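Below is one structure, written out as structure tokens, with a few remarks after it.
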Amino acid sequence: MNRKKGQIHILESVAIILFFIVILGLFFIFYSRLQVQKVEEKKHEDAVKILFDKFKILTSLDELKCTLIGVERKTCLDLVKIEQFSNSINSSDFVRSYYSSIFGSSSINITIIYSVDESYLNKSIILYDLKTTTKNSLFFEYPVSIYNPYRKKTYFGLVKYTYYYE
Amino acid sequence: MIALKLKNKSQTEMFGLVVLVVIILIFFLIFLNFSLRKAPSSVEKDYRSQIISTTFISSLLPVNTNCTVDGQYTFQDLIELCAGTIARNILCDFQQDPCTYVKEQLNLLLNHTLNASFYSYYFIIENPDGDKYFEVNNNCRNRQELRTQPYLLPISLGIGDFIKIYLYICN
């Protein structure tokens, strides 16, 4: 009888220890999940800042801006400069490495969505494309006017800037 | 025998208490998990909205349309014509009235851009008298959010008269 009682006591102690282990485990899981979430949030915040910084750089590039009689036009890109920029990046390692130091792991795509010239409608140009990782990505799409100096016409387009990060 | 029964009873009670404590703890942890989760930053949202609303209007105005007389008219010319009542003899594609044409094209552009990206927005073009020439409200429910300054388009013939273009991105 005494032995049984002792066994019950041991069982009780084991149950209490197990109970505390379970609670500690739950806290540990909860805490680690919280930490992972915090790190992910910080990464996302940093990526958003980088994305908007790169967007500012892109919109201020003289290599792409359009001018009319020497005057810069707001939110306007020159179609000839865009095509030339894209060709240079694809053909020259030096140019590619120079712009990769500015844009990093990103892709920039420009699409004409409204044009009076049928041949330019839905024309898409990959301005820059370098992915060192595709684990996470953020994108920002904004409207621009695209000036075609050969035809002296302005079209409406969208620039899609995608930033890739670990 | 009675003592053992009593002990069994108290053990069952204790077990019940432990289960209750565990359940309360689990609920507490779930609650903590949700309450500590940070709300997404509104700075990013505001910045995106601000850029899109300003770039949309400034990019739209110089775009050429299919309305011509002695050259191709831009959206700015057509908006000036229709909202600013400047008399010009303009013909658009298929002999369409330029004021109907510009509204159709604006709807088309909004569909291809803001609607396609699932933005809620409110787009208004107001003539100098304050009348709304063009108005599209795409799921913008809370008018309190509408704080954006208008884009002022001066009318060539009027002195100090402006056409006001508003684009509010709500969400």
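Heavy-atom basis, side chains included; hydrogens, waters and symmetry copies ignored. In what follows, chains are A, B, ... by sequence order, proteins preceding strands, each numbered from 1. Computed from a predicted structure; not experimentally measured.
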A:Leu26, part contacting chain B, at a heavy-atom distance under 4.5 Å
both
Smallest separation among heavy atoms of A:Tyr114 and A:Tyr155, with atom names
O-CB, 3.3 Å
Heaviest contributor of heavy-atom pairs below 4.5 Å to chain B, chosen from A:Ile29, A:Val144, A:Ile16, A:Ile146, is A:Val144
Please tell me if the side chains of A:Ile110 and A:Leu77 come closer than 4.5 Å, counting only heavy atoms from C-beta onward.
yes
A:Thr162 and A:Ser137: side-chain donor and acceptor closer than 3.5 Å?
no
When you check the gap from the basic side-chain N to the acidic O, do A:Lys65 and A:Asp78 get nearer than 4.0 Å?
no
Side chain from CB out, backbone as N, CA, C, O: work out which of these in A:Phe139 comes under 4.5 Å of a heavy atom of chain B, or both, or neither.
backbone
Got B:Phe123 and B:Tyr166 here, is their nearest side-chain heavy-atom distance under 4.5 Å?
no
So what's closer than 4.5 Å to chain B heavy atoms on A:Val48: side chain, backbone, both or neither?
side chain
Do the ring centers of B:Phe56 and A:Tyr142 come within less than 6.0 Å of each other?
no
Interchain contact, A:Lys160 with chain B, by part (heavy-atom threshold 4.5 Å):
neither
Contact part of B:Leu60 toward chain A, heavy-atom cut-off under 4.5 Å: side chain, backbone, both or neither?
both
Chain B contact via A:Lys49 - which portion, at a heavy-atom distance below 4.5 Å:
neither
A:Tyr161 and A:Ser106 side chains, donor-acceptor separation under 3.5 Å:
yes
With a 4.5 angstrom heavy-atom cut-off, is it the side chain or the backbone of B:Ser117 that approaches chain A, or both, or neither?
side chain
Does any heavy atom of chain B fall under 4.5 Å from the side chain of A:Tyr147, the backbone, both, or neither of them?
neither
